[in-house]
Amino acid sequence: MLAAVQKNATRGDPRSVVKAIDQFCRQKEWAMNVGDEKGCILDSVVTEVNPATVLELGTYCGYSTVRIASLLPSNAKLITLEFNPDYAAIACQVIAWAGLEDKVQLVEGASGDWIPKMKEKFGIETFDLVFLDHWKDRYLPDTKLMEECGLLRKGSILLADNVICPGTPDYLEYIRNSPRYKSQYFKSHLEYTKVEDGLEKSVFLG
């Protein structure tokens, strides 16, 4: 995938990086990016929120990182967490090829270890937007951890990928029934397929 980006994308042009990855995943090898269809939903949420502080849980190859960072204002901060060091190494190069390394702080390690350190390590008070796209069984515990650590403010947005396929039933049950959130489901398809999937957008009410 990295080779495809370096061969087909223009250095410093985030949209060409996204296009090169989409092309690679449709024609050569499927990959677990958010993908082009759900990516458009992600883009619209980022544009609507216009966040100054963003947390992405699960960087993978940096595809959604590039999509998000390319839409952020110049003073915004995007922290992206990736557990797998091999993925992190590729993502660093993809983000750099897109010319977005100044906006992105890629952190290697487990979300459960890093979430409690966000304020101390990065000077973050609260996140305007959180994109959940890591291990599905971590969506709920990490959301509760962010609540406990005071990283969500009234109006913070959680956007969760893959809530139908492979699915996050415990997270959906919590987020849809908690009086602390107002949720909306965006029906879509699993990246680069016709299998139903979707994104859940949840506004933290305080």
Side-chain angles (χ1 to χ4, degrees), residues 1-108 111 114 118 122 124 127-134 156-162 186 188-193 197-201:
M1 189 186 292
L2 177 62
V5 166
Q6 291 170 339
K7 182 184 173 189
N8 300 314
T10 307
R11 192 187 276 272
D13 179 353
R15 289 289 133 179
S16 74
V17 170
V18 166
K19 191 177 172 188
I21 295 174
D22 284 334
Q23 206 168 10
F24 175 83
C25 294
R26 283 195 177 282
Q27 295 172 4
K28 298 274 170 59
E29 186 183 337
W30 183 89
M32 56 181 181
N33 309 312
V34 69
D36 46 1
E37 188 185 351
K38 286 184 293 179
C40 288
I41 300 168
L42 172 62
D43 291 354
S44 68
V45 171
V46 174
T47 305
E48 175 200 340
V49 177
N50 194 29
T53 50
V54 183
L55 175 62
E56 178 182 44
L57 299 174
T59 317
Y60 185 42
C61 70
Y63 174 91
S64 51
T65 317
V66 167
R67 287 194 88 119
I68 296 167
S70 69
L71 296 168
L72 296 179
S74 56
N75 60 336
K77 193 174 204 173
L78 167 56
I79 296 168
T80 182
L81 290 184
E82 177 50 58
F83 182 75
N84 183 314
D86 296 330
Y87 294 163
I90 295 293
C92 265
Q93 295 176 75
V94 169
I95 293 160
W97 196 271
L100 293 167
E101 62 269 50
D102 291 349
K103 281 187 184 176
V104 178
Q105 173 100 42
L106 196 156
V107 181
E108 215 176 287
S111 52
W114 275 104
M118 285 289 155
F122 304 108
I124 295 286
F127 286 105
D128 299 328
L129 176 65
V130 180
F131 182 51
L132 298 94
D133 196 16
H134 57 329
S156 291
I157 305 282
L158 303 184
L159 187 66
D161 189 21
N162 303 123
F186 291 88
S188 187
H189 297 91
L190 183 69
E191 44 273 23
Y192 315 113
T193 73
D197 192 18
L199 295 159
E200 188 83 1
K201 175 190 170 191

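All values reported here derive from a predicted model rather than from experimental measurement.
- Atom CG of L81 and atom CG of D133 lie 12.5 Å apart (nearest 0.5 Å).
- Here the straight-line distance linking atom CZ of F127 with atom CG of L78 works out to 9.0 Å at 0.5 Å rounding.
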Worked check of side chain to side chain contact (heavy atoms under 4.5 Å, CB included) between E82 and V107: CA-CA 6 Å; E82 177 50 58; V107 181; over 6 Å; no
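- Smallest separation of non-hydrogen atoms from L190 and D197: N-CB, 3.4 Å.
- Between atom CZ of residue R11 and atom CG of residue D13 there is a gap of 12.5 Å, rounded to the nearest 0.5 Å.
- For the atom pair S16 OG and I21 CD1, the distance stands at 10.0 Å (nearest 0.5 Å).
- Closest heavy-atom contact between C25 and M1: SG-CE, 4.0 Å.
- Between L100 and V66 the shortest side-chain heavy-atom distance falls below 4.5 Å.
- The CG atom of L199 sits 6.0 Å away from atom CZ of F131, with the distance rounded to the nearest 0.5 Å.
- Taking a cutoff of 4.0 Å between a charged side-chain nitrogen and a carboxylate oxygen, D36 and K19 do not qualify as a salt bridge.
- For the residue pair Y63 and D22, a side-chain donor N or O sits within less than 3.5 Å of a side-chain acceptor on the partner.
- Side-chain atoms of W114 come within 3.5 Å of backbone N or O of E108 as a donor-acceptor pair.
- Atom CD1 of I79 sits about 5.0 Å away from atom CZ of F122, to the nearest 0.5 Å.
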Using atom types as modelled, flag every donor-acceptor pair under 3.5 Å from a side chain in residues 3-10 to any protein atom, sequence neighbours excluded.
residue, atom, partner, partner atom, Å
N8, ND2, A4, O, 3.2

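- Residue pairs satisfying the salt bridge (Lys or Arg N to Asp or Glu O under 4.0 Å) criterion with at least one member in residues 92-104, sequence neighbours excluded, are absent.
- Qualifying side chain to side chain contact (heavy atoms under 4.5 Å, CB included) partners for E37, counting only residues two or more places apart in sequence or in other chains: S188, H189.
- Using a 4.5 Å heavy-atom threshold, the side chains of V130 and L159 count as separate.
- Residues that satisfy the ring-ring contact (aromatic ring centres under 6.0 Å, His included) test with F83, not counting sequence neighbours, are W135.
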Side-chain donor/acceptor pairs under 3.5 Å, residues 40-56, sequence neighbours excluded:
residue, atom, partner, partner atom, Å
D43, OD1, R67, NE, 3.1
D43, OD2, R15, NH1, 3.1
D43, OD2, R67, NE, 3.4
D43, OD2, R67, NH2, 2.7
S44, OG, I41, O, 2.8
T47, OG1, D43, O, 2.8
E48, OE1, K201, NZ, 3.1
E48, OE2, K201, NZ, 3.0
T53, OG1, T126, O, 2.9
T53, OG1, D128, N, 3.1
E56, OE1, T65, OG1, 2.6
E56, OE1, T80, OG1, 2.6
E56, OE2, S64, OG, 2.4

